[in-house]
There are 2 protein chains.
Amino acid sequence: MTEPRAPRADARRNRAILLDVAAEVVAEQGAQASLRDIARRAGVGMGTLYRHFATREELLGALLGARFDRLAARADALAAELPPLEALTAWLDEFTAGTTVYRGLAPSLMASADGDSPLKASCDAFREAGGRLLARAQASGDIRPDVDGGDLFALAGGVATVVDQSPVLAARRERLIELILGGLRAR
Amino acid sequence: MTEPRAPRADARRNRAILLDVAAEVVAEQGAQASLRDIARRAGVGMGTLYRHFATREELLGALLGARFDRLAARADALAAELPPLEALTAWLDEFTAGTTVYRGLAPSLMASADGDSPLKASCDAFREAGGRLLARAQASGDIRPDVDGGDLFALAGGVATVVDQSPVLAARRERLIELILGGLRAR
DNA sequence: ACCTGAACACCGTTCAAGT
DNA sequence: ACCTGAACACCGTTCAAGT
């Protein structure tokens with residue numbers, strides 16, 4: 001029983017470069033970006049891209065995973081700084097605003113909740129962090145006790161996706177969050 | 001000054017066939033469906049497809065237009081049958097449920113609100129029909145007076161898009177509509 | 001006026017050959 | 001163990017040639 005070998009240095013480096021370049025290209029061209037173009041700009045052969053990311057889903061997943069992790073961390077930070085309802089509101093704001101950076105990524109973001117991709121771990125952490133924020137706002141009596149993290153995730157994901165579609169809709173972002181929170185608020 | 005000639009019979013027929021086949025193929029494969037495949041199954045050359053629909057947007061737009069028109073008509077029918085809030089709820093239900101038929105079409109549906117595509121006429125009719133339903137529910141005191149059709153369109157579009165992403169999310173559809181209406185309801 | 005289908009440049013995916 | 005790059009089948013788009 002030997003330990004699994006650490007990846008070779010060049011492989012590790014190629015993976016990192018691919019991720020950097022992919023983040024750049026996807027930010028430019030959206031989720032439909034050409035994989036060939038990414039490999040080209042990363043200075044590696046197509047086979048190398050495929051070795052590291054067997055499918056487009058996997059590559060986008062790696063990008064999304066980083067985003068999930070960041071947002072999960074932000075949830076905890078906001079909980080430490082702000083009162084319950086304000087923390088929740090601020091987090092929804094950051095969540096829905098940030099998606100636009102990767103145009104067209106919001107849909108796969110939503111879909112990632114189900115399957116058991118490697119993305120699932122990050123996605124779960126993200127959702128649990130949001131759930132904690134929600135639970136806190138329920139304990140304080142701000143939010144109805146009968147809504148769960150899944151409701152929050154779906155509604156916020158809807159706003160994130162919609163504001164991603166056009167500048168006109170993006171301008172409504174904060175208002176849409178308010179309206180959604182209105183539906184979740186205890187009365 | 002002569003009248004613009006009516007399109008030739010074969011052209012008219014090809015257009016109709018293309019639309020039928022496109023509806024079928026898009027229902028099967030989603031909005032990313034192969035245009036080549038559509039032309040093939042319609043029994044026409046690629047050039048013919050391009051002559052009738054200069055861009056993929058235009059083809060999808062023609063499909064969406066039909067959907068918009070149907071939903072606009074439904075809004076008026078529901079208004080005649082049901083009390084204000086129930087009519088609005090039923091319409092949102094049909095709207096969010098129907099999108100799944102054309103997987104991946106919801107995003108372009110949302111985006112179509114802005115540009116001045118030929119789609120705009122149908123889209124406007126659709127939004128105005130929804131607006132009338134909304135106004136009625138405001139007149140009866142069920143819905144807050146300060147929300148507008150744009151809010152409704154964005155929130156409902158968000159739900160439609162999200163439930164389109166996975167069966168798990170689709171199962172929450174009716175609940176999400178309830179929550180959204182909760183945010184719009186007068187208190 | 002309208003249609004066909006071949007031609008072009010591109011893409012995603014695979015895989016033999018290299019180091 | 002990992003990488004390269006050519007090969008394959010496909011796609012969207014254009015356009016000369018047909019009727």
Side-chain angles (χ1 to χ4, degrees), chain A residues 1-63 102-105 107-108 111 117, chain B residues 1-63 103-105 107-108 117:
Chain A
M1 286 247 141
T2 51
E3 286 286 313
R5 299 248 157 260
R8 238 167 57 177
D10 56 347
R12 201 168 151 58
R13 175 165 167 70
N14 277 337
R15 204 191 135 86
I17 295 180
L18 278 168
L19 272 179
D20 273 1
V21 172
E24 203 176 287
V25 175
V26 168
E28 281 172 21
Q29 313 181 10
Q32 315 286 348
S34 156
L35 298 183
R36 234 188 175 84
D37 198 30
I38 292 174
R40 212 155 25 209
R41 282 164 68 163
V44 305
M46 281 303 294
T48 302
L49 187 149
Y50 268 83
R51 161 171 280 266
H52 288 287
F53 305 99
T55 154
R56 165 180 250 113
E57 266 291 302
E58 225 172 273
L59 178 57
L60 295 180
L63 296 180
Y102 295 147
R103 233 172 324 144
L105 225 58
S108 38
S117 51
Chain B
M1 284 244 139
T2 52
E3 286 287 311
R5 300 247 158 260
R8 240 167 57 178
D10 55 347
R12 202 169 151 59
R13 176 166 166 71
N14 277 335
R15 204 191 135 88
I17 295 179
L18 278 167
L19 273 178
D20 273 2
V21 172
E24 202 177 286
V25 175
V26 168
E28 281 171 21
Q29 312 180 12
Q32 314 287 350
S34 157
L35 298 184
R36 236 188 174 83
D37 198 29
I38 292 174
R40 213 155 24 211
R41 283 163 67 162
V44 305
M46 281 302 293
T48 301
L49 187 149
Y50 268 84
R51 161 171 279 266
H52 288 287
F53 305 99
T55 152
R56 166 181 250 113
E57 267 291 303
E58 226 174 272
L59 178 57
L60 295 180
L63 296 180
R103 232 171 324 144
L105 224 57
S108 38
S117 50

Practice prompt. Nearest-nucleotide wise, let me know which of A:D10 and B:Y50 is further upstream toward the 5' end of DNA chain D.
Written response: A:D10

Discussion item. With heavy atoms of chain B within less than 4.0 Å as the criterion, where does contact along DNA chain D begin and end?
Written reply: D:dC11 to D:dC15

Worksheet entry | Interatomic spacing from CG in B:L63 to CD in B:E58 - rounded to 0.5 Å | 12.0 Å

Worksheet item: How do B:A54 and A:M46 order along DNA chain D: which one's closest nucleotide is nearer the 5' end?
Response: A:M46

Discussion item. Need one value for B:R51: base, sugar-phosphate or nothing, where a base atom within 4.0 Å counts as base even if backbone is also close, heavy atoms only.
Written reply: base

Discussion item. Measuring from atom CD1 of B:I38 to atom CG of B:D20, what distance do you get when rounded to the nearest 0.5 angstrom?
Written reply: 12.0 Å

Item to complete: Would you indicate what B:R40 reaches in the nucleic acid, counting non-hydrogen atoms under 4.0 angstrom: base, sugar-phosphate, or nothing?
Response: sugar-phosphate

Worksheet item: What distance do A:I17 atom CD1 and A:R12 atom CZ have between them, rounded to the nearest 0.5 Å?
Response: 12.5 Å

Worksheet item: Does the side chain of A:V26 reach to within under 4.5 Å of the side chain of A:L59, using non-hydrogen atoms?
Response: no

Worksheet item: Looking across every strand, which nucleic acid part, if any, lies under 4.0 Å from B:D37 by heavy atom: base, sugar-phosphate, or nothing?
Response: nothing

Discussion item. Would you compute the distance between atom CD of B:E24 and atom CG of B:L19 and round it to the nearest 0.5 angstrom?
Written reply: 12.5 Å

Response to the item:
Closest to the 5' end of DNA chain C, once A:L35 and B:T48 are matched to their nearest nucleotides, is B:T48

Worksheet item: Given pairs defined as Watson-Crick or G-U wobble with both distances under 3.5 Å, what dot-bracket annotation applies to DNA chain C, with ( ) intrastrand, [ ] crossing, | other strand and . unpaired?
Response: ||.|||||...|||||.||

Output a table of donor-acceptor pairs, distance under 3.5 Å, between side-chain atoms of residues 42-56 of chain A and any protein atom two or more places apart or on a different chain; print 'none' if there are none.
| from | atom 1 | to | atom 2 | distance (Å) |
| --- | --- | --- | --- | --- |
| A:T55 | OG1 | A:E57 | N | 3.1 |
| A:R56 | NE | A:A31 | O | 3.2 |
| A:R56 | NH2 | A:Q32 | O | 3.2 |
| A:R56 | NH2 | A:A33 | O | 2.2 |

Worksheet item: Between A:D10 and A:R13, is there a salt bridge with N-O shorter than 4.0 Å?
Response: no

